[in-house]
Amino acid sequence: MRFTLEIEPLDLDLTLGCGQVFRWSRTGRGDWIGPIGRHLVTLGWENGRLSVSAQPGETRMPARVSEFLRASDDIMEIQSTLSGDSVLSSGLERFRGLRIVKMDEWECLASYVLATYANIPRIAKMIDEVSMRFGHEIVDGVRSFPSPSDLREASVGELQKCGLGYRAKYLHSISRCIDRAEIRRLKLLEYRDLRRELMTLPGVGEKVADCVSLFGFGKLDAFPIDVWIERAISRLFNLEGSYKTIRGFATQRWGDFAGYAQEYLYFNERALAKSSGCEFSRCAQDQG
DNA sequence: GCCCAGGAGTGTG
DNA sequence: CACACTCATGGG
């Protein structure tokens, strides 16, 4: 099936390129291809509209793509609000097409447990390997990310063969803590309670809980802090401290849109490392 | 070879 | 509370 959507603004390279999702890849023509549930989807542009093609059989695909790309987020309002921040205001429009994605809750949880202390190419490889061994084929050579019950078939040793290292025991364990009913229950919680409950799972600390809250459960007030965000906060705001300290700062400063602020800071800091970044301006009181 | 990575868990001061 | 250490390994 093939259809178009109006989702604006949207930059596929920024949104799917690095960091949020790990199973999407860019084709030579600039299209993006990746799985949504058990459907392989291609996203591209056609006369200024987002063109979506997927294999037939899912009538709700337009709604699923819209949800995945958070089509209902009012980016203009979000950027307008954040532009009131003296540090963020100067570089925001560069990231206008960057949208936070809404991943499947379970896939997001499992993916970010695997993402601990690994770089993005390796994370993608681990997830791909786990999918190839334990997922279901959706088209030739592509498999869905395995469900919790799919993974219950796997031993720790088999998971380790996917290159997971010490993460194997965590994935093995959480696949036995989580099922559809538990996800359904967690979806009812607000961010603070969700975060606390996620952190009871083995292999889920503050950072993973915040990533899962943001990218899996759509909690835009979550603010995941990794080494890049630490760097950005230190460089731009001259603030260093514990996770709690930095998260408190972000919550107070950006509130309900902290998640978007985090993505802007994350991408800017990574781009800066590749010396192609458009710097946000430093906090006025910290200059000199 | 070296350094680093969308960290978490555990133990100690 | 703050550190220090370990975990297991591939990518650049």
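Just so it is clear: chains get the letters A, B, ... in the order the sequence lines come, proteins before strands, and each one is counted from 1.
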Quick one: label G203(A) by what it contacts on the DNA or RNA (base, sugar-phosphate, nothing), any heavy atom closer than 4.0 Å. sugar-phosphate
Would you mind reading off the distance between K125(A) atom NZ and dG12(C) atom C1', rounded to a whole angstrom? 14 Å
Options dG7(B), dT9(C), dC1(C), nucleotide nearest the side-chain atoms of R122(A): dT9(C)
5' priority, DNA chain B, between P202(A) and P121(A) [closest heavy atom]: P121(A)
When you compare dC5(C) with dG6(B), how far apart are their P atoms, in angstrom units rounded to a whole number? 24 Å
Which nucleotide in dA8(C), dG6(B), dA5(B) has an atom nearest any side-chain atom of R167(A): dA8(C)
Atom CD1 of I120(A) and atom P of dT9(C): how far apart are they, to the nearest Å? 21 Å
Distance between the P atoms of dG11(B) and dA8(C), in whole angstroms? 16 Å
Using whole Å, report how far CG of L114(A) lies from P of dA8(B). 13 Å
Distance only, no hydrogens: is a donor on one side chain within 3.5 Å (strictly under) of an acceptor on the other, for S83(A) and S80(A)? no
Nearest of dG6(B), dA2(C), dG9(B) to any side-chain atom of S242(A)? dA2(C)
Between the side chains of D210(A) and S213(A), does any donor sit under 3.5 Å from an acceptor? no
Mind checking if Y170(A) touches a base, just sugar-phosphate, or nothing, with heavy atoms under 4.0 Å? sugar-phosphate
Y170(A) backbone acceptor or donor facing S173(A) side chain under 3.5 Å: no
Between P on dC4(B) and OH on Y117(A), what's the gap in Å once rounded to a whole number? 9 Å
Have a look at E230(A) and say if it touches a base, only the backbone sugar-phosphate, or nothing, with a 4.0 Å heavy-atom cut-off. nothing
dA2(C) P sits how many Å from E206(A) CD, rounded? 11 Å
Give F267(A) one of three labels, base, sugar-phosphate or nothing, depending on what nucleic acid heavy atoms sit under 4.0 Å from its own. nothing
What distance, rounded to whole Å, do you find between the two P atoms, one in dG10(C) and one in dG9(B)? 23 Å
Does either side chain, that of W254(A) or that of D221(A), offer a donor lying less than 3.5 Å from an acceptor on the other one? no
Let me know, please, whether A118(A) or L201(A) comes out on the 5' side of the other along DNA chain B by nearest nucleotide. A118(A)
Starting at atom CD1 of I123(A), determine the distance to atom P of dG10(C), rounded to an integer number of angstrom. 14 Å
Y166(A) OH to dT10(B) P, straight-line distance once rounded to whole Å: 14 Å
Could you tell me whether E269(A) contacts a base, only the sugar-phosphate backbone, or nothing, with contacts defined as non-hydrogen atoms closer than 4.0 Å? nothing
Please work out if A115(A) contacts a base, only the sugar-phosphate, or nothing of the nucleic acid, heavy-atom cut-off 4.0 Å. sugar-phosphate
For dG6(B), take OP1 and OP2 only and decide whether either is under 4.0 Å from a side-chain N or O of R270(A). yes
Please work out if V204(A) contacts a base, only the sugar-phosphate, or nothing of the nucleic acid, heavy-atom cut-off 4.0 Å. sugar-phosphate
Within this structure, what is the CG-to-C1' distance between L164(A) and dA8(B), rounded to whole angstrom? 15 Å
Could you go through the salt bridge (Lys or Arg N to Asp or Glu O under 4.0 Å) check for E58(A) and R64(A) one step at a time? CA-CA 10 Å; E58(A) 168 63 275; R64(A) 294 189 67 171; 3.1 Å; yes
Distance-only, no hydrogens or angles: does the R195(A) side chain make a donor-acceptor pair with backbone N or O of A222(A) under 3.5 Å? no
Nearest to the side chain of V208(A) - dG7(B), dA8(C), dA2(C)? dG7(B)
